[in-house]
Amino acid sequence: MPGFILHLTAAQILLKRLPHHPDFPYEISSVNDFLIGNLLPDTTKPKDASHFRNSAYYEKMMVFPDLTRFLQKYSSLLANPSVLGYYFHLYIDRKFFKDFIPQVVEFYDKNGQITDIRDEVATVYIQKSQTSIPFSKYLTEEYYYGDYTRMNTYLVNQYKIPLDLNPEVVNPGISEICYKDVQEVLLQLHGFLAVSPEVVRELKVFPLEKLLLALEEYVEEFLSVPNKYL
């Protein structure tokens, strides 16, 4: 998953660009609730149900949300800002894993052949450094998850991300998660700022400028065609 702060970054980009899209069909009546919605899908474990993943693809390295399944169930609730935020989180996850990750890493099996089957992955080629690492090192604080840590403070400062959100948001009918679980996430957010913003220069997997430009692109697409998956 993209980290909590990265999701809030995408949400802040959307809120900034929203006035330039007067035809966007949903009014975000509560910024707080919209931002809370962007956190909700990751408040539970496991995340398969909350992310509307298709079980037919569980063996894949990249298993992204099936937005059609979400909309079939909850499209009537999208006017609620927390539900819109939830949907936007799933949309960003889908774009991130389906479109962005293949631009920055490649997965290879033990025979040196590209694979998208998780159990077959032996090495990961990182485009940023043009180096290969063992798969066992990829999803760690040294590489993939560590990059989220290294980005957090910079993103909060750069995009003026509010961290003191009100968790008291009414669930209008999303059954896959418990809204109250977001309280635990909110308690963690300030702890994500323990690193200096300068550490963002030490990213190992994600090229920062390319990532932020991709988020801008994904936001524009969402604001232009929010129901493209219906």
Side-chain angles (χ1 to χ4, degrees), residues 1-45 47-54 63-100 155-156 159-186 189 212 214-230:
M1 66 169 223
F4 290 118
I5 299 297
L6 203 56
H7 273 293
L8 292 176
T9 298
Q12 287 292 89
I13 293 172
L14 183 145
L15 291 168
K16 182 178 179 180
R17 294 202 169 196
L18 185 58
H20 302 291
H21 290 266
D23 295 330
F24 187 69
Y26 306 109
E27 178 186 358
I28 299 180
S29 56
S30 170
V31 168
N32 179 86
D33 292 9
F34 177 69
L35 295 177
I36 289 290
N38 275 269
L39 300 174
L40 287 171
D42 286 336
T43 58
T44 185
K45 292 182 181 180
K47 297 183 173 67
D48 294 323
S50 69
H51 283 69
F52 293 80
R53 294 168 179 159
N54 189 327
V63 186
F64 37 80
D66 185 335
L67 300 184
T68 301
R69 295 173 68 195
F70 178 86
L71 291 173
Q72 285 174 344
K73 190 171 183 180
Y74 295 124
S75 62
S76 64
L77 298 179
L78 285 176
N80 181 288
S82 68
V83 177
L84 183 66
Y86 192 118
Y87 174 51
F88 183 59
H89 173 116
L90 300 184
Y91 163 83
I92 289 295
D93 268 9
R94 180 181 177 87
K95 297 295 291 186
F96 185 81
F97 291 118
K98 186 173 185 292
D99 297 342
F100 184 73
L155 292 175
V156 169
Y159 290 90
K160 297 179 174 57
I161 297 172
L163 301 182
D164 295 314
L165 300 171
N166 180 1
E168 298 301 322
V169 180
V170 175
N171 185 346
I174 304 292
S175 63
E176 284 73 17
I177 48 92
C178 174
Y179 267 47
K180 291 188 180 300
D181 288 344
V182 80
Q183 296 182 37
E184 181 60 32
V185 174
L186 295 179
L189 290 184
L212 296 177
L215 289 183
E216 298 268 357
E217 174 188 329
Y218 303 155
V219 167
E220 280 296 314
E221 178 188 286
F222 184 84
L223 288 171
S224 300
V225 195
N227 288 333
K228 65 175 291 186
Y229 297 96
L230 276 177

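The residues of the chain are indexed from 1 along the displayed sequence.
- Across His51 and Pro41, no two heavy atoms sit closer than the pair CE1-O, 3.1 Å.
- Phe100 is linked by a ring pair (Phe, Tyr, Trp, His ring centres under 6.0 Å) to Phe96, counting only residues two or more places apart in sequence or in another chain.
- A distance of 12.0 Å separates CG in Asp181 from CG in Asp42, rounded to the nearest 0.5 Å.
- Side-chain atoms of Arg94 do not come within 3.5 Å of backbone N or O of Phe64 as any donor-acceptor pair.
- With sequence neighbours excluded, no residue satisfies side-chain hydrogen bond (donor to acceptor under 3.5 Å, both in side chains) with Asn38.
- Within the structure, the salt bridge (Lys or Arg N to Asp or Glu O under 4.0 Å) test picks out the following pairs touching residues 67-92 (sequence neighbours left out): Lys73-Glu176.
- Under the rule for a ring pair (Phe, Tyr, Trp, His ring centres under 6.0 Å), Phe34 has no partner lying at least two apart in sequence or in another chain.
- Looking only at distances, no side-chain donor or acceptor of Tyr218 sits under 3.5 Å from a matching main-chain atom of Tyr91.
- Looking only at side-chain heavy atoms (C-beta outward), His21 and Ser224 come within less than 4.5 Å of each other.
- Under the side chain to side chain contact (heavy atoms under 4.5 Å, CB included) criterion, Thr44 pairs with Ser50, Ile177, sequence neighbours left out.
- In this structure Asp99 satisfies the salt bridge (Lys or Arg N to Asp or Glu O under 4.0 Å) test together with Lys95, sequence neighbours excluded.
- Residues passing the side chain to side chain contact (heavy atoms under 4.5 Å, CB included) test with Asn32 are Ser30, Ile36, Leu165, Asn166, Val169, sequence neighbours excluded.
- When the side-chain hydrogen bond (donor to acceptor under 3.5 Å, both in side chains) test is applied to Lys98, no partner is found at least two apart in sequence or on another chain.
- Atom CG in Leu35 sits 10.5 Å away from atom CZ in Phe88 (nearest 0.5 Å).
- Judged as a ring pair (Phe, Tyr, Trp, His ring centres under 6.0 Å), and not counting sequence neighbours, Tyr179 has no contacts.
- Ring planes of Phe24 and Phe222: tilted class, angle from 30 to 60°.
- The shortest heavy-atom contact between Thr43 and Leu39 is CG2-O, 3.5 Å.
- Leu8 places none of its side-chain heavy atoms less than 4.5 Å from the side chain of Leu155.
- Looking at heavy atoms from C-beta onward, Leu6 lies out of side-chain contact with Ile92 at the 4.5 angstrom threshold.
- Qualifying side-chain hydrogen bond (donor to acceptor under 3.5 Å, both in side chains) partners for Asp48, counting only residues two or more places apart in sequence or in other chains: Arg53.
- The CZ atom of Phe52 sits 12.5 Å away from atom CG of Asp93, with the distance rounded to the nearest 0.5 Å.
- In terms of heavy-atom proximity, Leu163 sits nearest to Leu186 at O-CD2, 4.4 Å.
- Contact detail for Val83 and Leu77: the closest heavy-atom pair is CB-O, 3.4 Å.
- The shortest side-chain heavy-atom distance between Ile174 and Leu40 does not fall under the 4.5 Å cut-off.
- Listed by first and then second residue, the salt bridge (Lys or Arg N to Asp or Glu O under 4.0 Å) pairs that reach into residues 12-33 are Arg17-Glu216, Arg17-Glu220, sequence neighbours excluded.
- By the 4.5 Å heavy-atom criterion applied to side chains, Leu14 and Ile28 are counted as neighbours.
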- Query: For Tyr87 and Phe70, what are the C-alpha separation, side-chain angles and deciding distance, and is it a ring pair (Phe, Tyr, Trp, His ring centres under 6.0 Å)?
  - Reply: CA-CA 8 Å; Tyr87 174 51; Phe70 178 86; 5.7 Å; yes

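- Summarising the geometry of Val219 relative to Ala10, their closest heavy-atom pair is CG2-O, 3.8 Å, with the distance given to 0.1 Å.
- Remark: Gln183 engages Pro167, Glu168, Lys180 in a side chain to side chain contact (heavy atoms under 4.5 Å, CB included) (not counting sequence neighbours).
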